[in-house]
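Okay, so here's the structure we're looking at.
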Amino acid sequence: MSEPKRLFFALELPGDIQQQIVHWRATQFAPEAGRPVAAANLHLTLAFLGDVSAEKQRALTAMAGRIRQPGFTLHLDDAGQWLRSRVVWLGTRQPPRGLLQLASLLRSQAARRGCYQSPQPFHPHITLLRDASHAVKIPPPGFHWPVPVSEFVLYESTFSQGRTRYTALERWALTE
């Protein structure tokens with residue numbers, strides 16, 4: 001029997017936008033503000049699934065394959081900090097309806113299949129810094145990255161040699 005995998009559904013950011021965000025982050029936040037998330041790990045989680053067996057993974061991927069929803073554009077134009085979780089994030093002032101629908105569907109279907117879902121409302125965000133133990137100055141409004149979203153991804157999270165890596169396992173296109 002195979003070991004469970006730590007999985008989540010997310011939106012992948014295009015490489016050029018990842019690099020623009022990393023550059024912006026370096027100019028906006030002091031090095032001691034927190035531990036930067038690697039460019040390749042920048043993503044927007046739609047539904048965290050936790051440790052999932054191969055059988056449950058098959059059920060979740062079958063469910064994901066049945067989703068029929070149009071793509072949308074995500075506008076990254078907001079930032080903030082959660083002091084309790086020690087995270088600095090990048091997000092959107094007006095989440096597109098398609099994003100909220102997709103996350104809601106994935107979270108509810110995951111819960112039906114026994115994957116714990118936080119009771120907290122969905123707050124679409126990209127984690128920029130971890131271990132931000134003190135309040136940091138949040139950049140003023142004026143930054144903006146439009147991100148066209150045409151697919152969502154099932155990722156596996158692994159921790160090895162002191163690093164977290166996210167590996168895309170499957171992708172599903174959003175309909176036109």
Side-chain angles (χ1 to χ4, degrees), residues 1-15 17-18 21 34-74 76 78 80 82 84-92 95-132 147-176:
M1 188 154 163
S2 63
E3 288 290 313
K5 295 178 181 174
R6 192 165 186 82
L7 303 178
F8 61 95
F9 287 111
L11 300 180
E12 182 177 59
L13 295 178
I17 293 177
Q18 288 175 340
I21 291 170
R35 185 171 45 87
V37 173
N41 284 354
L42 294 174
H43 68 278
L44 190 149
T45 299
L46 297 166
F48 180 73
L49 305 173
D51 293 329
V52 174
S53 68
E55 179 181 349
K56 192 180 289 185
Q57 181 181 342
R58 283 190 293 278
L60 289 163
T61 58
M63 172 276 300
R66 290 190 294 273
I67 292 176
R68 298 293 176 261
Q69 181 178 313
F72 51 88
T73 299
L74 175 65
L76 298 174
D78 194 18
W82 293 317
R84 188 187 305 169
S85 57
R86 300 171 41 169
V87 163
V88 175
W89 52 265
L90 179 65
T92 180
R97 191 169 88 214
L99 170 65
L100 298 177
Q101 288 173 332
L102 181 59
S104 177
L105 180 59
L106 289 168
R107 289 165 57 112
S108 66
Q109 291 294 323
R112 280 193 195 116
R113 285 162 178 82
C115 298
Y116 171 80
Q117 297 298 298
S118 169
Q120 298 296 318
F122 176 63
H123 186 277
H125 70 281
I126 296 158
T127 300
L128 295 175
L129 299 170
R130 295 190 185 282
D131 302 328
V147 181
V149 178
S150 60
E151 67 178 10
F152 64 101
V153 182
L154 176 66
Y155 282 98
E156 179 180 10
S157 173
T158 55
F159 186 77
S160 174
Q161 298 174 334
R163 292 183 57 186
T164 300
R165 298 182 198 285
Y166 302 140
T167 305
L169 299 179
E170 288 197 53
R171 299 171 183 276
W172 294 272
L174 297 173
T175 57
E176 293 303 315

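We number each residue from 1, following the sequence as shown. In what follows, every heavy atom counts, from backbone to side chain, and hydrogens, waters and symmetry copies are set aside.
No side-chain heavy atom of Tyr155 sits less than 4.5 Å from a side-chain heavy atom of Arg6. Contact of the Lys5 side chain with the Val52 side chain is not registered, since no non-hydrogen atoms from C-beta on lie closer than 4.5 Å. Using a 4.5 Å cut-off on side-chain heavy atoms (C-beta onward), Leu102 and Val149 make no contact.
Under the salt bridge (charged side-chain N to carboxylate O under 4.0 Å, His left out) criterion, Arg58 pairs with no residue at all, not counting sequence neighbours. With sequence neighbours excluded, the residues that form a side-chain hydrogen bond (donor to acceptor under 3.5 Å, both in side chains) with Arg113 are Gln109.
For the atom pair CG of Asp78 and CG of Leu90, the computed distance is 8.0 Å after rounding to the nearest 0.5 Å. The distance from the CD atom of Gln101 to the CZ atom of Phe72 is 9.5 Å, given to the nearest 0.5 Å. The CG atom of Leu74 sits 9.0 Å away from atom CD1 of Ile17, with the distance rounded to the nearest 0.5 Å. Within the model, atoms CZ of Arg68 and CG of Leu105 stand 11.5 Å from one another, a figure rounded to the nearest 0.5 Å. Taken from CG in Asp131 to CZ in Arg35, the straight-line distance is 4.5 Å, to the nearest 0.5 Å. Distance check: Thr61 OG1 to Arg66 CZ gives 9.5 Å after rounding to the nearest 0.5 Å.
Contact detail for Leu99 and Pro124: the closest heavy-atom pair is CD2-CB, 3.6 Å. Minimum interatomic distance between Leu129 and Gly34 (heavy atoms only, all atoms of both residues): CD2-O, 3.9 Å.
Listed for the Ser104 side chain is no donor-acceptor partner under 3.5 Å among the backbone atoms of Leu100. Of the possible polar contacts, one joining the Thr175 side chain to the Gln69 backbone as a donor-acceptor pair under 3.5 Å is found. Gln117 contributes no side-chain N or O that, together with a main-chain N or O of Ala110, makes up a donor-acceptor pair within less than 3.5 Å.
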Donor-acceptor pairs under 3.5 angstrom involving side-chain atoms of residues 36-45: please list them, not counting sequence neighbours.
{"residue": "Asn41", "atom": "ND2", "partner": "Thr164", "partner atom": "O", "Å": "2.9"}
{"residue": "His43", "atom": "ND1", "partner": "Asn41", "partner atom": "O", "Å": "2.7"}
{"residue": "His43", "atom": "NE2", "partner": "Thr45", "partner atom": "OG1", "Å": "2.9"}

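Heavy-atom contacts from other residues, nucleotides or ligands closer than 6.0 Å to CD of Glu170 number more than 12.
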Q: Mind running side chain to side chain contact (heavy atoms under 4.5 Å, CB included) on Lys56 and Leu49 for me, showing each step along the way?
A: CA-CA 10 Å; Lys56 192 180 289 185; Leu49 305 173; over 6 Å; no
Q. Side chain to side chain contact (heavy atoms under 4.5 Å, CB included) between Leu60 and Leu154: does it pass, once the steps are laid out?
A. CA-CA 9 Å; Leu60 289 163; Leu154 176 66; over 6 Å; no
Q: Please lay out, stage by stage, how Glu12 and Arg171 fare under the test side chain to side chain contact (heavy atoms under 4.5 Å, CB included).
A: CA-CA 10 Å; Glu12 182 177 59; Arg171 299 171 183 276; 2.8 Å; yes
(Q) side chain to side chain contact (heavy atoms under 4.5 Å, CB included), that's the test. Do Cys115 and Leu7 meet it? Break it down for me. (A) CA-CA 10 Å; Cys115 298; Leu7 303 178; over 6 Å; no
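Classification of the Trp172-Phe152 ring pair by plane angle, with boundaries at 30° and 60°, yields parallel. Taking the six-membered ring where tryptophan is involved, the planes of Phe8 and Phe48 are essentially parallel, since the angle between them stays under 30° and well short of 60°.
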